[in-house]
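See below for the structure under consideration.
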Amino acid sequence: MTITTRTRRSARNWKRSIVALTCSIAALVSLAACGGQGASAGADSGAKIINIAVAANSKPLSYTDDSGQLAGYEVDVLKAIDKDLNDYTFKYEAVADDAETVGIDSGKYALITGGYFKTDERVKKYLIPDDTTGISLMKVYTLPSRTDIKSLDDLHGKKVAPISPDGGVNKLVTKYNAEHPDKAIDVSHQDNITMAANFQGLVDKKYDAVIEPEQSFDVNAIRKSLGVKFRATEPVEVDRQYFLVSKKQPEFFKELNTAITKLKEDGTLKQLSIKDYGEDVFKYDK
């Protein structure tokens, strides 16, 4: 049997096609593998995409504005960081609070935000930047007429709105009660608390006071909705807030850490605080 030149050429072309197809499949598999743990390669610029979860409805920290765009202090901070990190592109997703921690633990997100405090448990599980990205001002809210309530000391014997068993307010009250047993604050714990319900309780005089971090909810929207003004004390506690990063992102974390320090030193964080909170919260950070 004689094999012609055309037949040999066709055979060679067929082999090349098989090799090219095999390489293409291998490349796709490799790309998919690299896309795990909250990051993937950018299709156009070659920048690595960092998947980030932000709180979906936590104005002024992060929220969706009237035009359908993500907004808020932490979103603005992330955008400023993204501009500084040329090798990375941030991709945001607004989710519920519990979905954030589930997502970072599963590798879906490389970074999560939400006004997180630094705790021993979080230090063990995540990478936490050296510098804080925000400051939480814990305050006591009352009706304007309740000028007798100025601090935590004044809440002994008062009716305080329910608090979450896992939040920063519970940590504050637990610590206060341990240090001041003679002035202990009586509180009840409740999951899925809404600020609207607690402040409605103030209006109905069901509660004497509400304890909340000022940066975690939109007090102006609640005031407008209920048609009542509220009085806030001076901060009863000042807490530092941080972004949480997956321990599987050490290289990204190094650059993020440097970028946050830069934004703090050049005054960007202060400017964003004034823009989104109406004041420089960092002046309380001693």
Asn170 and His189: CA distance, side-chain angles, deciding distance, side-chain hydrogen bond (donor to acceptor under 3.5 Å, both in side chains) verdict: CA-CA 8 Å; Asn170 182 63; His189 295 90; 2.6 Å; yes

Are [Y] and [X] co-members of a hydrophobic cluster defined by side-chain heavy atoms under 4.5 Å apart?
X	Y	result
Ile112	Val95	yes
Val187	Tyr207	no
Tyr141	Val169	no
Tyr284	Met138	no
Ile211	Leu61	no

Heavy-atom pair of closest approach, residues Val77 and Leu263: O-CD1, 4.2 Å

Got more than 12 heavy atoms from elsewhere within 6.0 Å of [atom1], [X]?
X	atom1	answer
Asp182	CG	yes
Lys247	NZ	yes
Asp204	CG	yes
Lys139	NZ	yes
Glu179	CD	yes
Asn57	CG	no
Lys264	NZ	yes

Gln215 vs Val281, side chain to side chain contact (heavy atoms under 4.5 Å, CB included): CA-CA, chis, key distance, verdict: CA-CA 9 Å; Gln215 285 66 45; Val281 297; 3.7 Å; yes

Check step by step if salt bridge (charged side-chain N to carboxylate O under 4.0 Å, His left out) holds for Lys254 and Glu251. CA-CA 5 Å; Lys254 290 179 183 178; Glu251 295 303 319; 3.8 Å; yes

[Y] and [X] side chains, donor-acceptor separation under 3.5 Å:
X	Y	value
Glu214	Tyr277	no
Tyr92	Asn51	no
Thr261	Asp131	yes

Any non-hydrogen side-chain atom of [X] less than 4.5 Å from a side-chain atom of [Y]?
X	Y	result
His180	Leu152	no
Phe243	Tyr116	no
Leu256	Leu111	yes
Pro60	Phe217	no
Thr132	Ile260	no

Please list, chain by chain and in numerical order, all residues satisfying salt bridge (Lys or Arg N to Asp or Glu O under 4.0 Å) with Asp105, sequence neighbours excluded. Lys125

For the pair Phe282 and Tyr73, name the ring-plane relationship: parallel under 30°, tilted 30 to 60°, perpendicular over 60°. tilted

Tyr242 six-ring face occupied by Lys118 cation (under 6.0 Å, within 45°): yes

